[in-house]
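Notes to accompany the following structure.
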Amino acid sequence: EFVAKYGTNPPSTVGAVVLTHIPSMISTFGVDTAQINFSKRLSDDASSAGDLIDRLLKDDAPVLSCAGGLMVEHPFVKEYIDGIDGTEDSVMG
């Protein structure tokens with residue numbers, strides 16, 4: 001059910017960093033976001049999401065060590081990605 005929602009509710013990631021030069025206390029920051037647009041078939045066909053999960057588990061993919069189970073670099077997951085607004089590196093952190 002969780003993965004099936006990705007088809008209609010695209011997940012996004014946010015990464016941020018603040019750097020401070022201690023002697024001068026001058027700081028700068030950056031924020032990077034990405035949205036993963038999954039195929040609607042994940043939501044339209046409940047068996048698609050279940051099949052994806054089963055295949056990832058059978059392949060011993062470390063999905064439990066990824067935030068939200070997002071392993072956009074895995075070939076099984078890539079089959080369901082229509083596009084990423086941002087970069088794959090942004091998603092992976």
Side-chain angles (χ1 to χ4, degrees):
E1 181 180 328
F2 187 74
V3 173
K5 291 181 181 180
Y6 287 163
T8 55
N9 300 291
S12 60
T13 61
V14 179
V17 66
V18 176
L19 298 173
T20 302
H21 181 254
I22 299 298
S24 67
M25 295 307 290
I26 295 173
S27 293
T28 188
F29 68 92
V31 178
D32 192 31
T33 61
Q35 178 175 298
I36 305 92
N37 301 304
F38 281 90
S39 170
K40 299 274 189 265
R41 62 191 164 122
L42 272 180
S43 299
D44 294 343
D45 180 9
S47 65
S48 290
D51 179 56
L52 174 59
I53 293 166
D54 290 343
R55 290 171 60 204
L56 288 167
L57 292 173
K58 186 176 180 181
D59 193 50
D60 288 327
V63 292
L64 296 179
S65 64
C66 298
L70 288 174
M71 284 189 70
V72 296
E73 70 276 17
H74 196 285
F76 295 164
V77 177
K78 282 188 177 204
E79 294 173 22
Y80 291 93
I81 294 177
D82 287 341
I84 297 176
D85 298 334
T87 65
E88 190 173 301
D89 289 339
S90 295
V91 176
M92 295 171 59

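Each ring pair (Phe, Tyr, Trp, His ring centres under 6.0 Å) pair with one or both residues in residues 74-93, not counting sequence neighbours, appears once here: His74-Phe76.
Note that the SG atom of Cys66 and the CD atom of Glu73 stand 6.0 Å from one another [nearest 0.5 Å]. Annotation: the span from Ser39 atom OG to Ile81 atom CD1 amounts to 10.5 Å, rounded to 0.5 Å.
Heavy-atom minimum distance, Phe38 versus Asp82: O-OD2, 3.8 Å. For the pair Ser65 and Pro62, the tightest heavy-atom approach, listed with the atom from each and the gap, is OG-O, 2.8 Å. Residues Ala61 and Met71 approach most closely at CB-SD, 4.0 Å, considering heavy atoms.
Ile26 shares a hydrophobic cluster with no other residue; no ILVMFWY side chain has heavy atoms under 4.5 Å from its own.
Residues satisfying the side chain to side chain donor-acceptor pair (under 3.5 Å) test with Ser27, not counting sequence neighbours, are Thr20. With sequence neighbours left out, the side-chain contact (heavy atoms from CB on, under 4.5 Å) criterion links Val31 to Val14, Ala16, Phe29, Thr33. Scored by the side chain to side chain donor-acceptor pair (under 3.5 Å) test, Asp54 finds no partners at all (sequence neighbours excluded).
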Name each donor-acceptor pair under 3.5 Å that joins a side chain in residues 84-93 to protein atoms two or more places apart or in another chain, with its distance.
| unit_1 | atom_1 | unit_2 | atom_2 | d |
| --- | --- | --- | --- | --- |
| Asp85 | OD2 | Asn37 | ND2 | 3.3 |
| Thr87 | OG1 | Ser90 | N | 3.1 |
| Thr87 | OG1 | Ser90 | OG | 2.9 |
| Ser90 | OG | Asp32 | OD1 | 3.4 |
| Ser90 | OG | Asp32 | OD2 | 2.4 |

